Number of protein chains: 4
Amino acid sequence: MRPIRTDLAMEHCESDSLPGVHVAAWEENGVSITEVWVETEEGARITEKPMGRYVTLEKPARRDGPEVRLAVSELLGEEIMRMLPGGEGPALVVGLGNRQVTPDSLGPRTVDGTLVTRHLFEALPDSVDGRMGSVCALAPGVLGVTGVETMELVRSVVQTVRPRVVVCVDSLAARSWRRVGCAVQLTDTGIQPGSGVGNHRMALTRDTLGVPVLALGVPTVIYAATLARDAFESLSDAPEEDLDALAEELLGGEMSALIVTPREIDKLVSEVSGVLSGALNRAFHPGLSALEMEEMRGS
Amino acid sequence: MRPIRTDLAMEHCESDSLPGVHVAAWEENGVSITEVWVETEEGARITEKPMGRYVTLEKPARRDGPEVRLAVSELLGEEIMRMLPGGEGPALVVGLGNRQVTPDSLGPRTVDGTLVTRHLFEALPDSVDGRMGSVCALAPGVLGVTGVETMELVRSVVQTVRPRVVVCVDSLAARSWRRVGCAVQLTDTGIQPGSGVGNHRMALTRDTLGVPVLALGVPTVIYAATLARDAFESLSDAPEEDLDALAEELLGGEMSALIVTPREIDKLVSEVSGVLSGALNRAFHPGLSALEMEEMRGS
Amino acid sequence: MRPIRTDLAMEHCESDSLPGVHVAAWEENGVSITEVWVETEEGARITEKPMGRYVTLEKPARRDGPEVRLAVSELLGEEIMRMLPGGEGPALVVGLGNRQVTPDSLGPRTVDGTLVTRHLFEALPDSVDGRMGSVCALAPGVLGVTGVETMELVRSVVQTVRPRVVVCVDSLAARSWRRVGCAVQLTDTGIQPGSGVGNHRMALTRDTLGVPVLALGVPTVIYAATLARDAFESLSDAPEEDLDALAEELLGGEMSALIVTPREIDKLVSEVSGVLSGALNRAFHPGLSALEMEEMRGS
Amino acid sequence: MRPIRTDLAMEHCESDSLPGVHVAAWEENGVSITEVWVETEEGARITEKPMGRYVTLEKPARRDGPEVRLAVSELLGEEIMRMLPGGEGPALVVGLGNRQVTPDSLGPRTVDGTLVTRHLFEALPDSVDGRMGSVCALAPGVLGVTGVETMELVRSVVQTVRPRVVVCVDSLAARSWRRVGCAVQLTDTGIQPGSGVGNHRMALTRDTLGVPVLALGVPTVIYAATLARDAFESLSDAPEEDLDALAEELLGGEMSALIVTPREIDKLVSEVSGVLSGALNRAFHPGLSALEMEEMRGS
């Protein structure tokens, strides 16, 4: 783990104009939207993020409640729709992370809220209509619980289901605690090794899975080492390299199991998974009302 | 659903000597063990169970507590060891059922308690020794949550992992409420369509998966219709056919969503999943003490 | 336990005109409302329910979804408002039952969703206004977990908090499985000994607590013995007394721990507790929108 | 919140010999035991802890597993026994904190594991014998969920139950992350305002409750502000006052909702609550074996 650990592309691009990186930002319904295109290999090297498109939605840290969550969910649904590739086959939602570890459970809990329909398309084609799409979903578990690399599991299911797109949902780490629970990142670059709260060991990308891979994530933690380094930075005028070295020395191995979360992480994960599954359901089944979706899920 | 619904082979063979069926019964450490071999196609037709071996362990309904559970878990571990085929490759434990529905969550919860080691064998071969075996595990979810048939999911993972055996764990339905939570069935015939609390739609067997398949299950429910029929039977002298017809008419479609469980089903599932995962861990890692296993799981 | 066990007053009054009992029934927004007044001691003896008023709301068994739940919640909120006594002091919501036993957890889970405000009225009077009332809430646990009778615990809190009314919320047993999860009973008679899934041993009534006591409950189970008896009744022409005797003999002690629930009891309890806490919040804080309430709860 | 927030008395006394404070330390079965007596008012002022006795048990941070937990639980049981006052009446265990917030749920979850017997002593005196004591237990919930101060609730129950001692169990905050999940503090001074993860607003002490009050706690969090300050301290030679001022300025209000926990906080709380309830059960029922206790809890 590097001292400055973040899964958010936008945190690499703050207040900078970097070569090979295009940034656009605007606001809609009180939600800040930042779009980062990493357009060249140089840009990828500088940002340490693969080439591709990263959209981040942020709600104001102090505003909350169902109204704000609904606004984020609707805007996110639109962004997902714009990023979804066309073609044949279902969408496959993959909920990454460990259901038994609250800050790492965002992926599996989002899968719980996703309206799956692939089995209806296959078995009861008369029960579906043009207002909904074919969707399937999987929460494969983490390596320590399954003994199998997540990538291997997902790839074998991809070979069976032949989806036109995989959408991975994951808990992320942020650099700024102001983004924990408040920012959603959507990207068409998939999941990189070392990312996520669970520190995935292998990539889930178009290269490894053979189909387009979107990734959707929300920071649920910052690392204790990041927090300590940033606190020190604002109190001293030491050069960057020294700070990194000091942080690494100071906080090294022993602190790596420590995370910083909001005290109410259980509530946060519950609410955020609702925002994400709501956005996915809107993007996949654009003709269904929220009511129809809940009724279908209950059946 | 037939009015007389049971997943336990022994409930088809009670007090009868059937052609093509061999039954043996004995007791060990206060646990009753019944072994049923369905040896011929005639036996399979009569019992409505595929040819193969069925071992049932029953603890006395009124005795309980950690001591009794440990005795069952140890005996079950021995029976699993005797049924496990040799050969190369890991064992793959598949926890069937729906984690969000308590009486159907036995499979996923047993997976939670299983000590997986395949990733250690692959990545850190020096950290394993002859006292443990290679094990991986999966809780694939149910059709209504994933949109993919469980059999399809398991088969695709089998093709990737190439296990020497699959062990499916599932919540069962019994005919006698005295067996709910008290009987464990182990069989080498795999999982049949229509079995289990979740009513699997496709078989998980050597035929469909291409490797030997054991199935391990404990009744967590009886169906309301079964209960009503049996109550009626003991109060009348109507012929069997009439009873079945009446039960079907009386209880038909509307009652099919009703199940009979012990009031303390949450506690029962928690305890029974511990018995099953303990037995699996003993069978797979015969050289490890209970202490070493818990320490490995924590790491 | 008597063979015919029900906590719903209306199940004692079906299709009958009983002396001292007044029954009215109507429909509103697709919800059936039945009001039973047990007006005399004779009526109380016949119905085996204390004198008082019982309002039951039933949604159609086959209709479900958030729309129907909202309609029930709004109508129930109005009925609670009509039954709430005036006067000084907060309302005290008491969630009866055992949080660890799903079908008995309706009370504690309803408390989780109740918007409490008493502490704001006491400490931050400027933060409250006329649109909300003073509310506190308690989930005292069951005798086997606390070692103290629920009535003793509630009475001691009543003496401290001095509420103008206590509203008890509990899981009930019904006679007809069609009412499980579909009927809500509201009464001004409090909680009787032997009622509820948890079989309360002492009354929670105006007599024992010294303040008016409303009780709000939803059947989450029927008893297995009830089901078997009713099945038998519809199949035979035996007299009532014989049926009861037979059921008692047949199903006696051993089956008393068995309950009949819908397979999806976890989901049902989650949804129904939302209906009840929503209705309570509407009745206590009539000036707040649903949005304002959720925002206050989050804070 | 002060920048240096800790609930552990021993963290105020490290490497110091303070007037009015007596410290003893030894090791037993690999567990470090530190005993701090705050003996004078001067000692209380300096340590900012009330006069009384504080016993801390620490397991080595890197050692874990059921064996270590059992050793801590047994030693803790002995220390509790030594601190328990004699006299008539039951012991009342109070589980403080919020069940819905994982790092604050240690108290309620310890209550779940406590063997209560007061109702047997009252109703079935023949079923108890000299090997067990009379125990009752309560998880009252937090102010934001109940609308009633915890102290008010506990005091009203104390007036009803008339216990000879109250034992409060709570999640604590530590200064050193090495103590999270690894140190248990037992004290005879009760609970102070501002202590615990939930920041209790009123004292639970002999003064406020009228009976002796023990408090038992384990750090489950450190505050983000503490961590940042300590990181800064080790990197600079600024005077103490400047550090505190800087930390306060830097981290002030906005970070107060952030906590630092181990990633596996769910597992940690589950294991630690088992250690605490095991120790309480041993202290209260010294004549019962672990097996007998589990059998009684199951009944």
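Predicted model only: the values in this text are computed from it and were never measured. Within every chain, numbering begins at 1; the chains are lettered A, B, ... in the order of the sequence lines, protein sequences first and strands thereafter.
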Which atoms of [X] approach chain C - backbone, side chain, both or neither, heavy atom under 4.5 Å:
X	result
D/E122	neither
D/T146	both
D/P90	neither
D/L138	side chain

Is the CZ atom of D/R164 crowded by more than 12 outside heavy atoms at less than 6.0 Å? yes
For a quick test of reading the model, state the closest non-hydrogen atom pair linking D/E149 to C/R118 and the distance between them. N-NH1, 4.5 Å
Closest contact, heavy atoms only, D/G144 versus C/H119: CA-NE2, 4.1 Å
Note: vs chain D, highest number of non-hydrogen pairs under 4.5 angstrom among C/V135, C/D112, C/T117, C/V161 is C/D112
If you count heavy-atom pairs within less than 4.5 Å of chain D, which of C/G141, C/A137, C/A139 leads? C/A137
Contact part of C/V148 toward chain D, heavy-atom cut-off under 4.5 Å: side chain, backbone, both or neither? both
Checking heavy atoms, do the side chain of C/R155, its backbone, both or neither come under 4.5 Å from chain D? neither
What distance separates C/Q159 CD from D/Q159 CD, expressed to the nearest 0.5 Å? 8.0 Å
Do C/T160 and D/L153 have side-chain heavy atoms sitting under 4.5 Å apart? no
